[in-house]
*Asks:* 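Handing you a structure now.
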Amino acid sequence: MTADFSRRDFLKGSATAVLVSGGSLGAFYFGYEASLEKPVRVGVLGTGDEGSVLIGAINPDYIQVCAIADIRPYSIHRAFHGDWYSEAALKARPGLLAKYGWKTEEEARRHVRVYGDYRELLEAEKGRIEAVIIALPLHLHAPAAIQAMRLGYHVLTEKLMGQTVAQCKAMARVARETRKHLATGHQRHYNILYAEAVDAIRRGLLGDIHYIRAQWHRGNLPGNDSWQPPMPEEVKPDDPLAKTLRRQLANWREKLRTAPAKEVETWRKRVAQLEAQLADRVLRDTAAKFGYEDKVIRGPKGEVLWNRPAAEELIRWRLWDRTGAGLMAELGSHQLDAASIFIAAAHGGQKQYPIRVLAAAARPIFEADREVESHVLCVIDFPAPGYDPEDPIASQKRISVQYASINGNGFGGYGEIVFGTKGTLILEREQVKHLLLEGGGTAVAAGPAAGPVLDTQASGPQQMAVAGPGMMAEVSRGYREELEHWAWCIRRNPNLSDPDIQPRCHPKVALADAVIALVTNMAARQGRPITFRKEWFDPDSDETPEGVAPDPSLYA
């Protein structure tokens with residue numbers, strides 16, 4: 001079976017792949033100019049894992065980083081020097097020196113002012129910078145964004161938009177009142193491969209979309225968990241990982257001493273980075289001053305299961321209910337956002353809100369060293385074209401989205417599979433692997449990388465691969481493009497007078513993503529299905545799933 005692809009269709013040939021991998025198509029695809037006459041002056045609030053990724057994605061033609069804020073010495077070090085722990089880490093987090101061509105941290109600090117508390121930056125930099133990127137722990141997104149907008153800054157905050165729907169609505173209202181751009185970092189809105197997938201769906205290439213399956217599986221296990229990094233011994237001497245950093249430092253210093261000449265610089269930088277990580281020992285005395293809390297987790301008989309100091313809440317913030325929102329906020333929100341994008345395409349570009357969610361969550365792998373679950377599974381129904389809740393027949397016209405995020409086994413990695421009546425689209429690790437059209441003669445797996453495998457032999461007609469593995473070896477994940485477009489919107493529409501010039505993930509879009517993720521958490525923990533209410537998606541409505549009205553004055 002054959003298909004008529006447009007010149008923009010990434011599924012046809014490798015020429016587009018070359019352009020995409022160079023990151024040169026963002027302006028063309030998403031409708032902004034290829035450069036700005038004057039970069040936007042920006043501060044970065046939070047330079048940890050995600051903050052350093054965003055720094056690494058900055059295009060200096062659009063954004064000039066003038067200030068950073070973080071209370072961890074380790075995060076400040078990585079912001080300047082990058083992450084030398086692996087080649088992949090350095091590629092994602094190259095650091096400010098590499099990004100702007102500065103030779104030393106001393107030189108860089110002549111251009112970039114450094115703060116601890118993000119609130120100090122916001123107050124001190126008024127009039128010098130124009131916008132802020134927020135990559136703080138989730139519970140600080142709303143306070144930081146609202147304060148920033150009230151002080152005159154435009155904002156791009158990492159996902160999730162806020163920790164509660166009430167917070168998200170408060171953020172949206174303040175953005176409108178202050179006439180400041182508020183973007184949220186769901187980068188699939190700027191991933192060219194997803195844009196092309198939307199184009200394929202809208203052109204009917206897959207037929208009628210009726211089912212989407214997505215997953216994010218990780219091999220995290222006790223003692224080897226990316227959300228539970230080792231801490232300096234001084235922070236928590238009895239932590240099972242407490243001695244890890246000291247042992248590693250001794251080992252790396254020996255590697256530096258014996259390294260061949262061509263490797264000396266790499267090992268020098270790794271040792272310096274590890275020393276900076278150990279410098280987080282100061283958090284033992286400072287974390288509580290910045291609002292982080294000690295907590296004792298007890299068992300059913302009052303026995304102590306886990307003694308968590310304030311510094312651990314900061315360093316491992318994704319594990320705790322007060323500072324994070326678990327797998328759905330950190331991982332699932334991305335893929336449910338992608339599903340929403342695909343479903344909107346099936347409706348001619350019209351955003352659709354979900355109908356109902358069924359979910360389950362468990363913690364079979366980890367003990368009481370956290371509060372968030374290690375497994376979340378859900379099924380969410382969205383309207384299909386022709387859906388009518390008042391009609392007994394048309395009310396069954398639904399697109400089901402199945403999502404699973406687990407720890408303890410990384411088989412399949414992460415990706416989405418979109419099922420239509422004419423074909424199937426597989427996106428794996430934000431790279432397209434296959435378009436499969438019904439009626440072919442061969443069943444094809446998803447390629448050599450660990451990823452979704454589609455085996456149709458046992459369940460229906462075999463399919464023909466239109467695009468095979470390896471065609472998209474490396475693509476932009478959309479971070480660069482979302483930052484460029486945000487900066488362009490600030491330059492071209494600084495007062496929000498033109499409704500057509502705004503970030504693609506503007507407050508109403510980001511609010512919808514947050515509602516889906518947070519209500520799924522509620523359904524999983526409460527063990528019951530939840531029907532979505534349209535008022536939850538309306539920034540002007542005081543109704544929220546948690547039953548708390550939005551109140552921007554809380555963040556004065």
Side-chain angles (χ1 to χ4, degrees), residues 159-161 165 168 184 186 188-189 191 194-195 197-216 328-329 331-360 376-405 414-427 452 504-505 508-524 528-538 545:
K159 56 86 187 104
L160 206 57
M161 184 183 185
V165 175
C168 296
T184 298
H186 289 289
R188 281 170 174 78
H189 288 274
N191 185 312
Y194 283 78
V198 165
D199 185 59
I201 292 169
R202 294 185 70 170
R203 288 188 286 115
L205 204 60
L206 302 183
D208 295 330
I209 304 302
H210 52 86
Y211 178 61
I212 298 173
R213 188 170 77 212
Q215 68 175 52
W216 199 317
M328 286 306 303
L331 304 179
S333 62
H334 279 306
Q335 294 180 282
L336 270 299
D337 177 53
S340 296
I341 293 171
F342 298 146
I343 290 166
H347 286 264
Q350 183 66 39
K351 179 78 173 179
Q352 301 296 308
Y353 298 121
I355 301 166
R356 190 177 74 150
V357 57
L358 292 158
V376 177
L377 316 170
C378 67
V379 177
I380 304 177
D381 284 341
F382 285 80
Y387 171 79
D388 182 350
E390 305 300 326
D391 185 302
I393 303 300
S395 64
Q396 297 304 307
K397 291 184 178 294
R398 303 181 182 188
I399 300 172
S400 294
V401 179
Q402 176 187 327
Y403 178 71
S405 184
Y414 73 93
E416 302 87 30
I417 307 178
V418 184
F419 295 80
T421 55
K422 294 182 181 179
T424 308
L425 183 66
I426 302 175
L427 295 97
R504 294 167 71 87
C505 196
K508 193 167 185 179
V509 173
L511 169 62
D513 291 331
V515 169
I516 295 170
L518 296 172
V519 171
T520 298
N521 275 343
M522 294 174 61
R528 65 180 179 90
I530 296 179
T531 298
F532 291 90
R533 295 172 57 91
K534 65 179 182 179
E535 292 84 3
W536 296 345
F537 299 91
D538 180 3

*Asks:* Does Lys351 have more than 12 heavy atoms from other residues, nucleotides or ligands lying within 6.0 Å of its NZ?
*Replies:*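 Count over threshold, so yes.
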
*Asks:* Can you tell me how far the CD1 atom of Ile399 sits from the CZ atom of Phe382, to the nearest 0.5 Å?
*Replies:*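 The CZ atom of Phe382 is 9.0 Å from CD1 of Ile399, to the nearest 0.5 Å.
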
*Asks:* Take Gln215 and Tyr414 through the side chain to side chain contact (heavy atoms under 4.5 Å, CB included) test and state the conclusion after the steps.
*Replies:* CA-CA 5 Å; Gln215 68 175 52; Tyr414 73 93; 5.6 Å; no

*Asks:* Distance from Trp536 atom CH2 to Cys168 atom SG, nearest 0.5 Å?
*Replies:*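 Here the interatomic distance stands at 14.0 Å.
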
*Asks:* Under 3.5 Å, is there a donor-acceptor pair between the side chain of Ser405 and the main chain of Trp216?
*Replies:*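 Side chain of Ser405 to backbone of Trp216, a donor-acceptor pair under 3.5 Å: yes, one is there.
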
*Asks:* Would you name the heavy atoms of Val509 and Arg504 that are closest together and state the gap between them?
*Replies:*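 What the structure gives for the nearest pair is CG2-O, 3.8 Å.
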
*Asks:* Taking atom CZ of Arg202 and atom CD1 of Ile209, what is their separation to the nearest 0.5 Å?
*Replies:*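 The CD1 atom of Ile209 is 13.0 Å from CZ of Arg202, to the nearest 0.5 Å.
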
*Asks:* Sequence neighbours left out, what passes ring-ring contact (aromatic ring centres under 6.0 Å, His included) with Phe537? Give chain and number order.
*Replies:*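 Phe537 satisfies ring-ring contact (aromatic ring centres under 6.0 Å, His included) with Tyr353 only.
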
*Asks:* I'd like to know whether Ile417 forms a side chain to side chain contact (heavy atoms under 4.5 Å, CB included) with Leu425, so could you lay out the CA-CA distance, the side-chain angles of the two residues, the decisive distance to 0.1 Å, and finally the verdict.
*Replies:* CA-CA 6 Å; Ile417 307 178; Leu425 183 66; over 6 Å; no

*Asks:* With rounding to the nearest 0.5 angstrom, report the CE to CZ distance, Met522 to Arg528.
*Replies:*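 Going from the CE atom of Met522 to the CZ atom of Arg528 covers 6.0 Å.
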
*Asks:* So how far is it from Cys505 SG to Asp513 CG, rounded to the nearest 0.5 Å?
*Replies:*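 Taking SG in Cys505 and CG in Asp513, the distance rounds to 5.5 Å.
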
*Asks:* With salt bridge (charged side-chain N to carboxylate O under 4.0 Å, His left out) as the rule and sequence neighbours excluded, what pairs involving residues 378-394 come up?
*Replies:*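 Matches after skipping sequence neighbours: Asp381-Arg398.
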
*Asks:* Among residues at least two apart in sequence or on other chains, which ones pass ring-ring contact (aromatic ring centres under 6.0 Å, His included) with His334?
*Replies:*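 His334 satisfies ring-ring contact (aromatic ring centres under 6.0 Å, His included) with His186 once adjacent residues are dropped.
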
*Asks:* Hey, are the side chains of Tyr403 and Leu377 touching, using non-hydrogen atoms and a 4.5 Å cut-off?
*Replies:*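 The answer is no; the side chains never approach within 4.5 Å.
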
*Asks:* What pairs with Ala344 under side chain to side chain contact (heavy atoms under 4.5 Å, CB included), at least two apart in sequence or on another chain?
*Replies:*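 If we apply the side chain to side chain contact (heavy atoms under 4.5 Å, CB included) test to Ala344, skipping adjacent residues, there are no hits.
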
*Asks:* Among Val418, Val357, Ile343, find the residue that satisfies the side-chain contact (heavy atoms from CB on, under 4.5 Å) test when tested with Val401.
*Replies:*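 By the side-chain contact (heavy atoms from CB on, under 4.5 Å) criterion, Val401 pairs with just one of Val418, Val357, Ile343: Ile343.
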
*Asks:* Give the minimum heavy-atom separation between Ile530 and Ala523, together with the two atoms involved.
*Replies:*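 Closest heavy-atom pair between Ile530 and Ala523: CD1-N, 3.6 Å.
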
*Asks:* Between Thr421 and Asp208 (side chain of the first, backbone of the second, donor and acceptor by atom type, cut-off under 3.5 Å), is there such a pair?
*Replies:*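 Yes, the answer is positive, given that a donor and an acceptor are paired below the 3.5 Å cut-off.
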
*Asks:* In sequence, state the C-alpha distance, the side-chain angles, and the governing distance for Asp538 and Lys534, and then conclude on salt bridge (charged side-chain N to carboxylate O under 4.0 Å, His left out).
*Replies:* CA-CA 7 Å; Asp538 180 3; Lys534 65 179 182 179; over 6 Å; no

*Asks:* Testing the basics here: between Leu160 and Ala514, what is the closest heavy-atom pair and its distance to 0.1 Å?
*Replies:*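 So the minimum-distance heavy-atom pair works out to CD1-CA, 3.8 Å.
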
*Asks:* Are Phe532 and Val515 packed together at the side-chain level, in the sense that at least one heavy-atom pair is separated by less than 4.5 angstrom?
*Replies:*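 Counting from C-beta outward, Phe532 and Val515 do come under 4.5 Å.
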
*Asks:* At their closest point, which heavy atom of Ala346 faces which heavy atom of Ile201, and how far apart are they?
*Replies:*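 Smallest interatomic distance, heavy atoms only, reads N-CG2, 3.8 Å.
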
*Asks:* Got a second to check how far Gln335's CD is from Ile516's CD1, nearest 0.5 Å?
*Replies:*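 Here the interatomic distance stands at 13.0 Å.
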
*Asks:* Who are the side chain to side chain contact (heavy atoms under 4.5 Å, CB included) partners of Gln350, not counting sequence neighbours?
*Replies:*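 Side chain to side chain contact (heavy atoms under 4.5 Å, CB included) check on Gln350 returns His347, Gln352.
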
*Asks:* Nearest heavy-atom pair of Ile380 and Leu336: which atoms, and what distance?
*Replies:*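 Looking at all heavy atoms of both residues, the closest pair is CD1-CD1, 3.6 Å.
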
*Asks:* Taking side chain to side chain contact (heavy atoms under 4.5 Å, CB included) as the definition, give me every residue that meets it alongside Ala338, ordered by chain and number, with sequence neighbours left out.
*Replies:*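 Result, side chain to side chain contact (heavy atoms under 4.5 Å, CB included) vs Ala338: Arg188, Tyr194, Phe342, Glu416.
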
*Asks:* Looking at Ser333 and Ala329, what are the two nearest heavy atoms and their distance?
*Replies:*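 That would be OG-O, 2.7 Å.
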
